[in-house]
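Inspection log for the structure reproduced underneath, given as C-alpha cells.
First listed ligand is number 1; within each ligand, the first listed atom is number 1. Both backbone and side-chain heavy atoms feed into the values below; hydrogens, waters and symmetry mates do not.
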Amino acid sequence: MKRCIYPGSFDPITLGHMDVVERATNLFDEVILVVSSNTSKTNAFSIEERTRLLETIYQDNPQVRVIAWDGLTVACAKAFDAPTIIRGLRIVSDFEYEFQMNLANKVLDPQVETIFLMTKTENAYISSSMVREVHRLGGDVSAFVDPRVITFLEQKKTV
Ligand code: COA
C-alpha cells in the first residue's frame with residue numbers, strides 16, 4: 001500500500017489544505033493527516049480540537065486517516081510506515097521555510113522524501129490566520145473554508 005503523511009498545524013484546515021489532500025489521495029492509497037505543532041507559532045485551537053475537526057471532515061473518506069502527533073514529523077513517517085511527506089507550496093514566500101524544513105528532515109531521516117504539491121491559484125492567498133482574523137471580525141469565510149469549519153468557528157465563538 002502506498003501511504004504518505006501530510007503534516008500541518010491545520011489551525012484551522014482551509015480549502016487550500018483540502019485541495020492538497022484531494023490531490024494526494026489521487027497519488028497515494030492512504031493519506032495520513034498529521035495534526036502537529038509548529039513551535040514558531042501559537043496555535044489558536046488545541047491539537048484535540050484541530051484533530052476532531054479533521055476527523056469530522058474526512059469521516060466518510062476511507063483513504064484519509066487523521067492522527068495527532070507531538071513529535072518529529074520524520075518519526076511519525078517511520079512509525080506509520082509512510083516514507084513520503086506531502087506539503088503544499090503556495091507563493092514564493094513558502095519556499096524558504098519549506099526548503100529549510102525539508103533539508104532538516106533529510107538529515108534527520110534520509111529515507112523520508114518530501115513531495116510538494118503546488119497550491120491552486122485560487123487558493124494561493126488563503127491562510128489559516130487570515131481565516132481566523134476575518135471570522136473574528138465578523139467577515140464571511142465561506143470562500144476559504146469548508147462549511148463544517150464555519151460551524152466549528154461559530155461554536156468556538158460561543159464557548
Ligand atoms: N493552500 C493555502 N494555504 C495553505 C496551504 C495551501 N495548500 N498549505 C498551507 N497553507 C497555509 C496554512 O493555512 C497556514 O497558514 P498560517 O501561516 O496563517 O498558519 C500555513 O500555510 C502553514 O500551515 P500548515 O501547513 O497547516 O502547517 P505548518 O506549516 O504550521 O506546519 C509542521 C509545520 C507542523 C509540519 C512542522 O512545524 C513540523 O513538522 N513540526 C513537527 C516537529 C518537527 O518535526 N520539527 C522539525 C521540522 S524541520
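In T73, the parts holding a heavy atom less than 4.0 Å from any atom of ligand 1 are both the side chain and the backbone. The proximity of A124 to ligand 1, defined as any non-hydrogen pair under 4.0 Å, does not occur for either the backbone or the side chain. With a 4.0 Å cut-off on non-hydrogen atoms, S127 touches ligand 1 through its backbone as well as its side chain. The side chain of R87, and not its backbone, has at least one atom closer than 4.0 Å to an atom of ligand 1 (non-hydrogen atoms only; side chain from C-beta on).
In this structure, R50 contributes its side chain and A68 its backbone to no donor-acceptor pair below 3.5 Å. Without hydrogens or angle criteria, Q63 side chain to F28 main chain gives a donor-acceptor distance under 3.5 Å.
Partner of F45 under the side chain to side chain contact (heavy atoms under 4.5 Å, CB included) criterion, out of V35, L53, L153: L153 alone.
The protein atom (non-hydrogen) at minimum distance from atom 7 (N) of ligand 1 is T119 OG1, 2.9 Å. With respect to atom 46 (C) of ligand 1, the closest heavy atom belonging to the protein is L72 CD2, 4.1 Å. For atom 37 (O) of ligand 1, the nearest protein heavy atom (residue, atom name, distance) is N38 CA, 3.6 Å. Among all protein heavy atoms, the one lying closest to atom 18 (O) of ligand 1 is S129 OG, 2.3 Å. In terms of protein heavy-atom proximity, atom 8 (N) of ligand 1 is nearest to H17 CD2, 3.9 Å. In this structure, the protein non-hydrogen atom closest to atom 30 (O) of ligand 1 is S9 OG, 2.6 Å.
Close contacts between ligand 1 and A104 involve ligand atoms 48 (S) [criterion: under 4.0 Å to a heavy atom]. Heavy-atom contacts of I126 reach the following atoms of ligand 1: 2 (C), 3 (N) (cutoff under 4.0 Å). If you number the atoms of ligand 1 from 1 as listed, the ones under 4.0 Å from a heavy atom of S37 come out as 34 (C), 37 (O), 40 (N), 41 (C). Atoms of ligand 1 lying under 4.0 Å from at least one heavy atom of N105, given by number and element, are 47 (C), 48 (S). Counting atoms of ligand 1 from 1 in the listed order, those under 4.0 Å from a heavy atom of N123 are 1 (N), 2 (C). Interface of M101 with ligand 1, defined as ligand atoms under 4.0 Å from a residue heavy atom, comprises 36 (C), 47 (C), 48 (S). Set against the non-hydrogen atoms of G71, the atoms of ligand 1 under 4.0 Å away are 41 (C), 42 (C). Interface atoms of ligand 1 facing V20, defined by a heavy-atom separation under 4.0 Å, are 7 (N).
L117 CG to E22 CD: the interatomic distance, rounded to the nearest 0.5 Å, is 11.5 Å. Distance check, rounded to the nearest 0.5 Å: CG of D94 to OG1 of T119 gives 7.0 Å. Atom OH of residue Y125 and atom CZ of residue F144 lie 4.5 Å apart, to the nearest 0.5 angstrom. One distance of note links CD1 of I85 with CD of E98; it measures 10.0 Å at 0.5 Å rounding. The CD1 atom of I13 sits 11.5 Å away from atom CZ of F152, with the distance rounded to the nearest 0.5 Å.
Taking any N or O of G88, backbone or side chain, none lies under 3.5 Å from an N or O belonging to ligand 1. Where the criterion is an N or O separation shorter than 3.5 Å, residue side chain and backbone included, S128 meets it with respect to ligand 1. For ligand 1, none of its N or O atoms has an N or O atom of T14 under 3.5 Å away.
Distances from ligand 1 to the non-hydrogen atoms of K120 include no value under 4.0 Å. Heavy-atom separations between D11 and ligand 1 are all 4.0 Å or longer. Residue contacts with ligand 1: Y97 is included, with a non-hydrogen atom under 4.0 Å away.
Closest to atom 1 (N) of ligand 1 by heavy atom, among A44, G16, A77, is G16. Closest heavy-atom approach to atom 23 (O) of ligand 1 among the candidates M18, E98, M118, K41: K41. Taking each of E122, R23, R90 in turn, the one with a heavy atom nearest to atom 5 (C) of ligand 1 proves to be R90.
Considering every non-hydrogen atom in both S9 and N38, the closest pair reads OG-CB, 3.8 Å. Across R3 and D81, no two heavy atoms sit closer than the pair NH1-O, 3.5 Å.
N26 CG: more than 12 foreign heavy atoms inside a 6.0 Å radius. Counting non-hydrogen atoms of other residues, nucleotides and ligands closer than 6.0 Å to CD of Q59 gives a total above 12. Other residues, nucleotides and ligands place no more than 12 heavy atoms under 6.0 Å from the NZ atom of K78. For F99, the CZ atom counts as loosely surrounded, since its 6.0 Å shell holds 12 or fewer non-hydrogen atoms of other residues, nucleotides or ligands.
The pair E30-K2 fails the salt-bridge criterion, with no side-chain N (NZ, NE, NH1 or NH2) lying under 4.0 Å from an Asp/Glu carboxylate O.
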Checklist entry - Going through the checks in order, is the side-chain contact (heavy atoms from CB on, under 4.5 Å) test met by I67 and F80? => result CA-CA 10 Å; I67 62 156; F80 286 86; 3.4 Å; yes
